[in-house]
Structure formats: structure tokens, C-alpha cells
2 protein chains.
Amino acid sequence: MKITPNPPELVLLKALWARGAMPVRSLHDICAPELNWSFSSTRKTIERMTDKGFVSVSTTSKPASVSARISKTTTLAHMAREFFGRVLEVDGPLPASAFTCSTLLSDEELDELEGLLGGLY
Amino acid sequence: MKITPNPPELVLLKALWARGAMPVRSLHDICAPELNWSFSSTRKTIERMTDKGFVSVSTTSKPASVSARISKTTTLAHMAREFFGRVLEVDGPLPASAFTCSTLLSDEELDELEGLLGGLY
DNA sequence: CACATTGTGTGACGGCTGTCACACGGAGTC
DNA sequence: GACTCCGTGTGACAGCCGTCACACAATGTG
């Protein structure tokens with residue numbers, strides 16, 4: 001299972017992680033300024049992310065609602081490990097210090113990440 | 001100027017950084033086990049890297065020789081900054097500690113990187 | 001009900017990437 | 001000189017990505 005979202009996908013995922021499931025339109029409104037693209041692009045990207053298993057779309061309610069299917073910490077852990085391994089060729093466990101200055105992570109999430117990073121190699 | 005080599009390109013660049021300019025065939029022989037692809041692929045990738053300005057090919061000598069045109073430290077600094085900024089949303093200077101466990105970098109290179117990373121935002 | 005807005009299905013297209021294959025000319029070998 | 005191997009120019013093709021547009025159904029509003 002590949003779990004490395006590309007840049008636009010990561011933007012959408014971050015919004016979902018931060019604010020939970022929401023209708024496609026809302027997600028678009030939140031991310032459009034950053035992505036600077038049209039509603040069609042948001043929809044298509046979500047479609048592709050669905051195929052990859054990154055999100056799921058629930059059509060039970062009126063405007064279909066999107067939710068993340070992969071967790072923030074495991075995704076970031078994968079991406080970090082990929083980057084450090086491939087680019088910097090770090091073999092051992094990653095230094096948690098690399099993440100403490102991230103504005104993305106709460107203390108609990110940092111703890112979780114640390115656990116994931118140690119055991120992932 | 002974009003300066004973010006994709007994965008196969010980075011493999012070739014690393015070999016060039018480590019061993020200096022060399023004929024295409026030698027570069028292929030060194031990287032093929034890791035890339036697991038054919039000589040044609042190496043050649044085509046080098047061609048594309050030439051277009052991007054990542055390497056240059058000198059045809060003055062008999063078997064044309066490839067050399068890196070972008071430096072290891074600036075390239076890694078760009079990639080690291082891109083990753084930390086986009087994925088982890090780190091705004092300030094990156095912690096040098098993130099690099100000390102890399103098996104790629106000498107002490108002087110670490111110093112250089114640290115300088116680049118501090119002033120790059 | 002007629003119209004305007006929103007949601008959804010689907011198709012498209014050019015660029016980059018990964019990955020070759022083919023063909024041809026020069027160089028070394030018998 | 002004929003054959004073989006290597007270097008080089010070039011073309012190809014499918015898959016993913018960024019980015020829409022079009023068409024139609026559903027829904028709200030006067």
C-alpha cells in the first residue's frame with residue numbers, strides 16, 4: 001500500500017485532519033486559496049485519492065462528505081522515513097528533535113510519531 | 001530554477017558527487033544495481049538531467065563524461081527545506097540535528113549545510 | 001412552474017516520469 | 001575487409017499529475 005500523498009493531496013489531507021470530515025465544497029473553499037485552482041481540480045483530486053484509499057466519500061447524507069482514511073501521524077511518519085532514508089540516507093531511528101519545531105503536531109501526536117519512527121525500520 | 005531531482009536522478013547525482021565525473025557507462029554500472037533498470041534508462045535520465053541543468057556531458061574526450069552541475073550541499077539544503085516546509089510546516093531555521101545522523105555528509109559539509117539552512121528562508 | 005444555483009459523472013489534454021527498443025556509425029579483432 | 005561490440009541519436013509508450021470543461025440531475029426560490 002503506497003501511502004505518500006503528492007503535494008496537492010497533502011494539502012487536502014491536512015485540512016481534513018485539522019477539521020474532520022466535511023462536504024467537498026467546504027474542503028474546496030478551505031484549500032482553494034492555497035492550491036489556487038478550480039473546484040473541478042479539487043473534485044478530481046479527491047476522486048483519485050479515493051482510488052488510492054487516502055479518503056472516503058460518504059454519500060449517505062445530502063452533500064457527499066469526505067473524510068480522511070489515513071491517519072496524520074502514520075502518514076507523516078511514512079513520509080519522513082522515506083525522505084530521511086532516500087535523501088539523507090539515515091538508517092537508524094529518526095531524531096524526534098526533527099519534528100518538535102513543526103507547527104503541525106500536538107504533544108501527544110509528537111509522542112505517537114516518536115513511537116512510529118523508532119519502530120519503523 | 002527548479003532544483004529538486006526526482007528519485008532516480010538523485011541516485012545518479014549521489015554517485016557523481018561521491019566519485020566525480022565519469023563516463024556514462026561507468027555511472028550506469030555503479031547505479032544499475034540500485035535502480036534496477038537498463039542502460040537506455042540511465043542514458044535517457046541523464047539526457048533529461050542535462051536539459052534541467054543538473055549535469056553536463058563533456059564530449060571532448062572519447063567516451064563522453066558526465067559531471068554534476070549542482071552541488072551536493074545546496075541540493076540537499078533545497079530538498080530539506082522543501083520537505084520541512086511543505087510537509088511538516090516548519091518555518092524557522094531547521095535544526096542541524098536533523099542531519100547529523102546522515103551517513104552522507106562530512107563534518108565540513110554539515111557546517112556548510114547548517115549555514116545554508118539558516119539563511120534560506 | 002420556470003429559473004438559478006449546486007452537486008455529480010465523465011472526459012480531456014499536455015507535461016513529467018519510468019522505462020525501454022531500434023538503428024546507425026566508429027573502433028577493435030582476426 | 002568482415003564481424004562484433006560499444007557509444008550515441010532518437011523515438012516510443014503507458015502511467016501519473018495538474019488542471020480544467022462540459023453536461024446533466026437535483027434542489028432551492030420567486
Side-chain angles (χ1 to χ4, degrees), chain A residues 1-15 21-67 70 75 78-79 82-83 86-87, chain B residues 1-15 21-67 70 75 78-79 82-83 86-87:
Chain A
M1 188 81 78
K2 206 183 146 217
I3 198 176
T4 354
N6 55 42
E9 287 171 350
L10 188 60
V11 172
L12 297 184
L13 277 173
K14 281 182 179 174
M22 70 183 88
V24 182
R25 175 69 66 179
S26 312
L27 183 56
H28 172 71
D29 290 341
I30 292 170
C31 299
E34 183 172 350
L35 291 169
N36 208 39
W37 69 14
S38 75
F39 186 51
S40 286
S41 303
T42 301
R43 288 195 311 129
K44 183 55 90 179
T45 300
I46 289 174
E47 186 191 328
R48 289 173 178 162
M49 291 171 78
T50 306
D51 294 343
K52 299 184 193 174
F54 293 170
V55 299
S56 60
V57 177
S58 149
T59 48
T60 60
S61 61
K62 268 326 290 332
S65 154
V66 204
S67 53
I70 54 180
T75 304
H78 265 91
M79 295 182 75
E82 199 275 335
F83 178 80
R86 182 179 65 81
V87 178
Chain B
M1 187 82 76
K2 207 182 147 221
I3 198 175
T4 355
N6 55 41
E9 287 171 350
L10 187 60
V11 172
L12 298 185
L13 277 173
K14 281 181 178 175
M22 70 182 90
V24 182
R25 176 68 66 178
S26 311
L27 184 55
H28 172 71
D29 290 341
I30 292 170
C31 299
E34 182 172 351
L35 292 168
N36 209 39
W37 69 14
S38 75
F39 186 51
S40 287
S41 303
T42 302
R43 289 196 310 129
K44 184 55 91 179
T45 300
I46 289 175
E47 186 191 328
R48 290 172 178 162
M49 291 172 78
T50 305
D51 294 344
K52 298 184 193 174
F54 293 171
V55 298
S56 61
V57 177
S58 147
T59 47
T60 61
S61 59
K62 266 322 293 329
S65 157
V66 203
S67 53
I70 53 181
T75 304
H78 266 91
M79 295 182 75
E82 199 275 335
F83 178 80
R86 182 179 64 81
V87 178

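Every chain is numbered from 1 and lettered A, B, ... according to where its sequence line falls, protein lines coming before strand lines.
- One interatomic measurement links the two molecules: CD1 of Ile46(A) to C1' of dC17(D), which rounds to 16 Å at whole-angstrom precision.
- Counting only distance, with no hydrogens or angles, the side chain of Lys52(B) and the backbone of Ile3(B) share no donor-acceptor pair below 3.5 Å.
- Side chains of Lys14(A) and Cys31(A) form no contact here, defined as non-hydrogen atoms less than 4.5 Å apart.
- Here the closest non-hydrogen pair linking Pro33(A) and Asp29(A) is CD-O, 3.4 Å.
- dC16(D) atom C1' lies 15 Å from atom CE of Met49(A), rounded to whole Å.
- Counting heavy atoms from C-beta outward, Glu9(A) and Thr45(A) have side chains that approach closer than 4.5 Å.
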Protein proximity profile, nucleotides 11-22 of chain C - base contact B, sugar-phosphate-only contact S, no contact -, cut-off 4.0 Å on heavy atoms: BB----BBBBB-
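- Listed by first then second residue, pairs satisfying ring pair (Phe, Tyr, Trp, His ring centres under 6.0 Å) with a partner in residues 30-52 of chain B read His28(B)-Phe39(B), not counting sequence neighbours.
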